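Both counts, for ligands and for their atoms, begin at 1 and track the order of listing. Worth knowing before you read on, the calculation uses all heavy atoms, side chains too, and leaves out hydrogens, waters and symmetry mates. Computed from a predicted structure; not experimentally measured.
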Amino acid sequence: MTLHIDDLRVRHLGECRYDSPLSEMLTTKQTSPHYVAEGDRVLLEDTVSMLAGHDVPPEQVPSFEAAGPRKKTYFDPSSVTAGIVTCGGLCPGINNVIRGLVQELAVHYKVKRILGFRNGLRGLTSEYRDDTVELTPEHVRDIHNAGGTILGSSRGNQDPDEMVDSLVEHGVDVLFVIGGDGGMRAATCLSTAIEARGLDIAVLGVPKTIDNDLPFTDQSFGFQSAFASAMDFISSASVEAAASPNGVGLVKLMGRHSGFIAAYAALAANGADIVLIPEIAFALDGPDGLLAYVEQHVRKKGYVVIVLAEGAGQDLLEEPGLPHRNGQATDASGNLRLGKIDDLLKERITDHLTAVGLAPTMRYIDPSYAIRSVVANAYDSVYCLRLAHAAAHAAMAGRTEVAVARWRRRFVHVPLSLMTSRRNQVDPDGDLWMSVLETTCQPAEFGVQREGEKVPSGFC
Ligand SMILES: Nc1ncnc2c1ncn2[C@@H]1O[C@H](COP(=O)(O)OP(=O)(O)O)[C@@H](O)[C@H]1O
Ligand SMILES: O=P(O)(O)OC[C@H]1O[C@](O)(COP(=O)(O)O)[C@@H](O)[C@@H]1O
Ligand SMILES: [Mg+2]
């Protein structure tokens, strides 16, 4: 999809007329390698050849509005009521974002009131809208020391108009939605309903997901803490497998449609022999299939370590009658429920190795929620705080229907329409997957040929 600069334009509620309390800090600021001045823009693409592909003047090359404080604000801060809601699956750092928002809004902008809606978007429905919590700097002082979200979260669909009624009832001027792809879609629906009613409410997204599947952000917050935690489970599986006769260490990690956690955790642990992700299909049988490769590994090395993203190999479960199949059921938010690829692999690997006289010792680990409930690490803590600052500035400047993100190390405003326009996935032709192949030495694919290509039989 080719993007035009207009696709990257951000909606403004109106002219900024109030002096920002941060304006003094900005008087001498200019764009430098370490700062993007107000009005300057951050390029979408970053190679010479990609830039050369645009036959337009520099100001028309696709670029994002830079995030950061403005000299003037749209809202009069002293009259602002802000709302915060956290939705979807947990992710390390959510509390850090809440804390950063509250501190920035209360301490610098001195906003009138900050309300937390509880238990996700459900907290904005008529039934629960009065169950809010008043957020103050004192209240959030220590919340970054805990994982999860102090506001609670949920999945499930809500009526946008009913949610807008809640915002109106509480007099909310700016709403911060900390959520994943679902949350960003919900924020878009809310913003559309707000606009349809001619209301003056800004909706800001702070993209949250351990899957790192949201586009136009270098990495989502909490992802690094989550894969660091996953790394420890891979190391445990390696130790167990290496110490067992014909050991098979199998670690299943979260990652519905994107294999970033599996790829990064495997690179970090640097002990995996095979990484399986949703983006790359694999065959089990045949001379180039996964089972033959596992056998080869166990014969040569005595054990094998496999990192499996939960969304990998879903096509293998499509055969009717397979017990591991989960049908096409969805969760309350409409996310597809995945089939149990881990069960299929355990069974087929055990059967295969047993049949060739290498009866395995299966060491299976499913860390599941353990990797996403951890406290944010130091890097994510800084990242969350800076995203929160950027979101607060964007809101006060009257930006709406927009998410804050870090793009090529600069903080930018990304229209929600773009945030929900595609899914970020591991590119089989990109350098991340190349690093995985270099590290594991696994073949580029297991028995599944791309059109016109010969599948290489192994890397090392
Ligand atoms: N397509 C959609 N349109 C409107 N709201 C949505 C949509 N998908 C999800 N939501 C809402 O967003 C919330 C969070 O979505 P979910 O998929 O559970 O988590 P995440 O935001 O982490 O992806 C849910 O409460 C759901 O109601
Ligand atoms: O919390 P649930 O409903 O069990 O969902 C688990 C899923 O949530 C995730 O952690 C991602 O969730 P989000 O889309 O909410 O960020 C996936 O990795 C995992 O498949
Ligand atoms: Mg999601």
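To the nearest 0.5 Å, the span separating CG on Asp288 from CD on Glu445 amounts to 10.5 Å. Summarising the geometry, atom CZ belonging to Arg9 is positioned 15.0 Å from atom NE2 belonging to His413; distances are rounded to the nearest 0.5 Å.
Those atoms of ligand 1 that come under 4.0 Å of a heavy atom in Asn157, given as number and element, are 26 (C), 27 (O). Shown in contact with Gly89 at under 4.0 Å from a heavy atom are these atoms of ligand 1, numbered in order with element: 22 (O). Using a 4.0 Å cut-off to heavy atoms of Lys208, the atoms of ligand 1 that qualify are 22 (O). Those atoms of ligand 1 that come under 4.0 Å of a heavy atom in Arg155, given as number and element, are 16 (P), 17 (O), 18 (O), 19 (O), 25 (O). Those atoms of ligand 1 with a heavy atom of Cys189 less than 4.0 angstrom away are 3 (N), 4 (C).
Among Val177, Leu121, Leu90, Leu190, the residue whose heavy atom lies closest to atom 13 (C) of ligand 1 is Leu121. Counting heavy atoms only, Gly88 comes closest to atom 19 (O) of ligand 1 of the residues Gly88, Ala332, Ser153.
Near ligand 2, residues Gly88, Gly89, Arg155, Asp181, Lys208, Thr209, Ile210, Asp211, Met254, Gly255, Arg256, Glu310, Tyr369, Arg372 come within 4.0 angstrom through at least one heavy atom.
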List the atom pairs, donor and acceptor, that lie under 3.5 Å between side-chain atoms in residues 384-397 and the rest of the protein, sequence neighbours left out.
residue : atom : partner : partner atom : Å
His389  : NE2  : Glu104  : OE1          : 3.4
His393  : ND1  : Tyr109  : OH           : 2.7

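At the shortest separation from atom 17 (O) of ligand 1 among protein heavy atoms lies Asn335 ND2, 3.0 Å. Among all protein heavy atoms, the one lying closest to atom 10 (N) of ligand 1 is Gly182 O, 3.3 Å. Closest to atom 27 (O) of ligand 1 among all protein heavy atoms lies Gly156 O, 2.2 Å. Among protein heavy atoms, the minimum distance from atom 18 (O) of ligand 1 is reached at Ser333 OG, 2.6 Å.
Using a 4.5 Å heavy-atom threshold, the side chains of Arg363 and Thr361 count as touching. In this structure the side chain of Phe223 never reaches within 4.5 angstrom of the side chain of Asp218, judged on heavy atoms.
Taking distance alone, with nitrogen or oxygen atoms compared against 3.5 Å, Gly183 approaches ligand 1 more closely than that limit. Taking any N or O of Gly180, backbone or side chain, at least one lies under 3.5 Å from an N or O belonging to ligand 1. Taking only nitrogen or oxygen atoms, main chain and side chain alike, Gln158 reaches within less than 3.5 Å of ligand 1.
Using a cutoff of 4.0 Å between basic side-chain nitrogens and carboxylate oxygens, Asp351 and Arg348 are not scored as salt-bridged. A salt bridge links Asp331 to Arg256: at least one charged side-chain nitrogen sits closer than 4.0 Å to a carboxylate oxygen.
Residue side and main chain included, Asp181 places an N/O/S atom under 2.8 Å of the Mg ion (ligand 3).
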